[in-house]
Amino acid sequence: MVDSQECRCSVKKGNHRRCWLGFHGLGLAMLLTSTEAAQPSEPKRIYIANDDHTDYLWTADEATYQRAFLEMLDYYLDLADATQNNPREHQSRWNCDGHFWLWVYEKNKPAAEFNRLIGRIRSGHISVPLNALAVCLGGAPTEAVLRGSYYAGQIERRFDLRFPLAYAMENQTLPYGLGSLWAGCGAKYSWRGICACATRMPDRGRAPRPHEMYRWGGPDGSRLLMKWYSIVPPGNESLGGYAEARSPSAVVDFLDSDPAFAQRHPYRVLGAFGKGWDDLKTLTNEFVTVAQQKTTANRRVIVSNEVDFFEDFERTYPASLPTVAASY
């Protein structure tokens, strides 16, 4: 619905179904969510998630990238240990943007160290998605998407884990049927951050999105809970980009106080994900520090593994979201 390449979009509520063009769905979303969203006495819950966007081979060769994976995972395992006595929402959490990180760690580390990583995944301090890496999935065949989740599925069965998150980053386009493939692999949640660059789309992804949170509907009737914020200038290092938490302190203030965003997102559960942008590696404890410093009586700032944001949102707003089935 955000760009001229849309092929179809449907909004469902109860037994009613309508097709919408342009941005008329925004008014419907506001209407549907007004009752649930009106909880001014509750503190806002702002989730900030640290990651390193893997532009594999963009900055260095394979060996260098894989050494960076190992270094970052070791760093955040140690930081999880160092902060484990903090209140739960102010403990360190790290988000891999592909399960290839996990594969590299298993191939290069002793079993005891790999089991330590598995333990931190189980405890929620490290998150791993179903997708192998951030790639342009609009150009991938169906079989490649499914095979891309095989290793994650093997780890789920070996260690009795679930990876409910999958996402496609940076590219402005999103295939209609991708959500169904991921749902069939066990995904429940997805989030989008785009580049707003190198595209033929006339608005470069910057037009206000009709829904910031919605159920991503697939052709088979499957649904994923999607977070896809309208991109805020200057672009991919701000809200709606793939490094929307590049400056975690600034983005907390934006989420809490920007009136235009509050109109588009009338909820008290908010999230900003992504730190690394195009850097080779990201080593920082600032998310813990920012969450501690920015928490007030009116807002709780939570260091996020991304899944916790979606679980909270589902609990708080279980019924009001529209379903959007579209190709972008």
Q) If every non-hydrogen atom of Asp51 is compared with every non-hydrogen atom of Thr282, which pair is closest and at what distance? A) O-OG1, 3.9 Å
Q. Does atom CG of Asp61 have more than 12 heavy-atom neighbours from other groups under 6.0 Å away?
A. yes
Contacts of type side-chain hydrogen bond (donor to acceptor under 3.5 Å, both in side chains), residue [X], not counting sequence neighbours:
{"X": "Arg120", "value": "Asp81, Gln84, His125"}
{"X": "Tyr167", "value": "none"}
{"X": "Thr83", "value": "none"}

Q.
Is it the case that the side chain of Gln172 and the backbone of Ala196 share a donor-acceptor pair, with hydrogens and angles ignored and the cut-off at 3.5 Å?
A. yes
Q) Would you say Lys44's side chain and Asp256's backbone share a donor-acceptor pair under 3.5 angstrom? A) yes
Q) Any side-chain donor-acceptor pair under 3.5 Å between Asp312 and Thr316? A) yes
Q | No-hydrogen, no-angle side-chain donor-acceptor test under 3.5 Å, Tyr242 and Asp278 | A | yes
Q. Are the ring centres of Phe261 and Tyr229 closer than 6.0 Å?
A. yes
Non-hydrogen side-chain atoms of [X] and [Y] separated by less than 4.5 Å:
{"X": "Ser230", "Y": "Glu212", "value": "yes"}
{"X": "Asp97", "Y": "Met169", "value": "no"}
{"X": "Tyr189", "Y": "Lys227", "value": "no"}

Q) So how far is it from Leu77 CG to Ile126 CD1, rounded to the nearest 0.5 Å? A) 5.0 Å
Q. Could Arg209 and Tyr328 be counted as a cation-pi pair, given that NZ or CZ must be under 6.0 Å from the ring centre and within 45° of the axis?
A. yes
